[in-house]
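Only this structure's heavy atoms are used, side chains among them; waters, hydrogens and symmetry mates stay out.
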Amino acid sequence: MSVSVVLIIIMGALFAAGVYAMLERSLTRVLIGFLLLGNAANLFLLVVMGQPGIAAFYGDGDPSEMSDPLPQALTLTAIVITFAVSAFLLALIYRSWQLGQADTVTDDEADIAVRDRAIADEEAIDDETAIEDEDDDATTDFLGTDTAPITVLHHRDFDGIRDDAPTDRPRTRHTGDSDSGSHDERGGES
């Protein structure tokens, strides 16, 4: 068995254990699951990197012998993100322990009310679909109005619209006789 296959098996086990631990109600287990997921992501980036090579510095050797620096940079970023989220989860665990002497997330009254309300809402939705089946026009907000595609107005359509937004086109200069007067940007006389 090659090294990559062993790393892939370890990475899969870490992902599975991390997801399983994150589905628990205990915040400490959620933290452990997140740390396992972070390490699995780092192993994934290590596997993606390919075979190790020389450092990727200009002029040190043939580019085919150099290792890819992008997975290394992504691994460093993943380590920093894992550390920051872990610190946040530790603060949540500490605060939860201060308030309730436990780090277990429990259902509150609002969660229970939403769960009970879901059954009543489902029955109401069934009643609405029965109305929709009877008359398709009854559910639209635009009864009696003709619908048309969107019309884009231009400054030439109405006199009150002023369209003097800058454009990427170069300005054209009007050349004329000196006796014709000065011209403004739009070509009219001032």
Side-chain angles (χ1 to χ4, degrees), residues 1-129 132-133 139 141 149-150 152 165-168:
M1 219 175 350
S2 69
V3 176
S4 294
V5 174
V6 172
L7 287 177
I8 290 172
I9 292 171
I10 293 171
M11 178 190 64
L14 285 175
F15 269 122
V19 169
Y20 180 76
M22 285 187 74
L23 294 176
E24 295 289 328
R25 286 190 173 264
S26 171
L27 290 176
T28 305
R29 290 184 182 170
V30 170
L31 174 66
I32 291 170
F34 184 76
L35 290 173
L36 289 173
L37 282 178
N39 288 324
N42 291 339
L43 277 178
F44 172 73
L45 290 170
L46 185 68
V47 169
V48 169
M49 185 171 56
Q51 292 192 351
I54 61 173
F57 291 118
Y58 181 73
D60 277 356
D62 187 33
S64 63
E65 298 173 356
M66 294 181 182
S67 63
D68 189 11
L70 182 64
Q72 297 172 14
L74 291 176
T75 302
L76 182 62
T77 305
I79 290 170
V80 171
I81 291 171
T82 303
F83 176 74
V85 174
S86 300
F88 178 71
L89 282 172
L90 278 172
L92 283 178
I93 292 168
Y94 178 70
R95 185 67 178 156
S96 175
W97 186 262
Q98 274 185 335
L99 294 176
Q101 299 299 318
D103 68 341
T104 305
V105 178
T106 59
D107 288 337
D108 57 355
E109 293 94 20
D111 288 338
I112 295 169
V114 168
R115 191 178 311 134
D116 292 339
R117 191 176 64 195
I119 297 169
D121 289 344
E122 225 175 274
E123 293 172 0
I125 289 173
D126 290 339
D127 293 341
E128 288 178 10
T129 55
E132 289 176 5
D133 293 339
T139 57
D141 294 335
I150 296 173
V152 178
T167 60
D168 291 337

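Not counting sequence neighbours, the partners of T28 by the side chain to side chain contact (heavy atoms under 4.5 Å, CB included) test are S26, I32, I93, D103. Partners of V19 by side chain to side chain contact (heavy atoms under 4.5 Å, CB included), not counting sequence neighbours, listed by chain and number: L23, L37. Under the rule for a salt bridge (charged side-chain N to carboxylate O under 4.0 Å, His left out), E65 has no partner lying at least two apart in sequence or in another chain. The side chain to side chain contact (heavy atoms under 4.5 Å, CB included) check on L35 picks up L31, T82, S86, with sequence neighbours excluded. Taking the salt bridge (charged side-chain N to carboxylate O under 4.0 Å, His left out) definition, one finds that R95 meets it with nothing, sequence neighbours left out. Residues satisfying the side chain to side chain contact (heavy atoms under 4.5 Å, CB included) criterion with L70, sequence neighbours excluded, are D68, L74.
One finds the CG atom of L45 at 10.0 Å from the CE atom of M11 (value rounded to the nearest 0.5 Å). Note that CG of L43 and CZ of F15 are 8.5 Å apart. Values are rounded to the nearest 0.5 Å. In this structure, CG on L7 lies 10.5 Å from CG on L14, to the nearest 0.5 angstrom.
A pairwise comparison of heavy atoms in A21 and G33 identifies CB-CA, 3.6 Å as the closest pair. Here the shortest heavy-atom pairing between S96 and L27 reads CB-CD1, 4.1 Å. Here the shortest heavy-atom pairing between Q72 and S67 reads NE2-OG, 3.4 Å.
Within 6.0 Å of the CD atom in E109, the count of heavy atoms belonging to other residues, nucleotides or ligands does not exceed 12.
Just one residue in the list I10, I8, I9 forms a side chain to side chain contact (heavy atoms under 4.5 Å, CB included) with V6, and that residue is I10.
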